[in-house]
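Below is one structure; the comments refer to it alone.
Small disclaimer: the values here were computed from a predicted structure and weren't measured. In this chain, residues are counted from 1 in sequence order.
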Amino acid sequence: MAASFVSKCSRGDCSLFRGLGTNVSNLLSTATQMTWSNFLSQHQRTFIQMRTVLKVVDNSGAKKVMCIQPLKGRKGARLGDTIIASVKEAAPNGKVKKGAVVRGVVVRAAMQRGRCDGSEVKFDDNAVVIIDKQGQPVGSRVFGPVPHELRKKKHVKILALAEHIA
């Protein structure tokens, strides 16, 4: 409807806006962009919960996993929490095969988390590192940034393997 209104006014059919022309269309497109940005800023990012698909950022062979259950009995997992997941995509020669049930540590989460100094950390995607029952990483490398909050959660080995600590 707004587009048809703008097209009628730009042709000169609208006597009220006859001299404005493209200014009306610019105003309407700006209003549309403002409402879209308000919608995006109000979008709430949630915990990593059951059936959340996460990216695997180590070289264990898995590419994508789906969360089965966050451990510790919480409603969802955040940075540094351990989850139980099922491998959905895997490389053919990897240590982990498709369909395997694994444990993983959340190293990147789209939900923001406050730090002690008042800053907040959040990432563009949700990512995990696959670990064994003893808590040691299955892979020998960790790709991408990893937050230093993992040190508090006793995942020092993951920090040692990481390329970049955020």
Which atom pair, heavy atoms only, marks the closest approach of [X] to [Y]?
| X | Y | value |
| --- | --- | --- |
| G80 | L150 | CA-CD2, 3.4 Å |
| V138 | D132 | CG2-N, 4.1 Å |
| H148 | I165 | CB-CG2, 3.8 Å |
| V57 | A127 | CG1-CB, 3.7 Å |
| I130 | A62 | CD1-CB, 3.6 Å |
| A90 | K98 | CB-N, 3.8 Å |

Rounded at 0.5 Å granularity, tell me how far [atom1] in [X] sits from [atom2] in [Y].
| X | Y | atom1 | atom2 | result |
| --- | --- | --- | --- | --- |
| Q69 | Q49 | CD | CD | 13.0 Å |
| R78 | M111 | CZ | CE | 4.5 Å |
| K64 | K88 | NZ | NZ | 12.5 Å |
| R51 | S86 | CZ | OG | 10.5 Å |
| K153 | L159 | NZ | CG | 13.0 Å |

Is it the case that one hydrophobic cluster holds both [X] and [Y], taking links as side-chain heavy atoms less than 4.5 Å apart, direct or via other members?
| X | Y | result |
| --- | --- | --- |
| I84 | M50 | no |
| V65 | I48 | yes |
| I131 | L54 | no |
| L161 | V105 | yes |
| V87 | I83 | yes |

Is the number of heavy atoms from other residues, nucleotides or ligands under 6.0 Å of [X] [atom1] greater than 12?
| X | atom1 | value |
| --- | --- | --- |
| N93 | CG | no |
| K95 | NZ | yes |
| K157 | NZ | no |

* Without hydrogens or angle criteria, can the side chains of N126 and T52 be said to hold a donor-acceptor pair below 3.5 Å? -> no
* P70 vs F47 side-chain heavy atoms within contact, under 4.5 Å -> no
* To do: Report the C-alpha distance between R113 and L79 in whole Å, list the side-chain angles of each, state the deciding distance to 0.1 Å, and finish with yes or no for side-chain contact (heavy atoms from CB on, under 4.5 Å).
  => CA-CA 8 Å; R113 179 179 177 132; L79 281 176; 4.2 Å; yes
* To do: Could you pull out all residues at least two apart from R115 that satisfy side chain to side chain donor-acceptor pair (under 3.5 Å)?
  => E149
* Structure fact -> The salt bridge (charged side-chain N to carboxylate O under 4.0 Å, His left out) partners of E163 (sequence neighbours excluded) come to R141
* Taking R103 for its side chain and Q134 for its backbone only, find out whether a donor-acceptor pair lies under 3.5 Å. => no
* Is a side-chain donor or acceptor of D58 paired with a backbone partner of V142 at a separation under 3.5 angstrom? -> no
* Carboxylate-amine/guanidinium contact D125 R108, below 4.0 Å -> yes
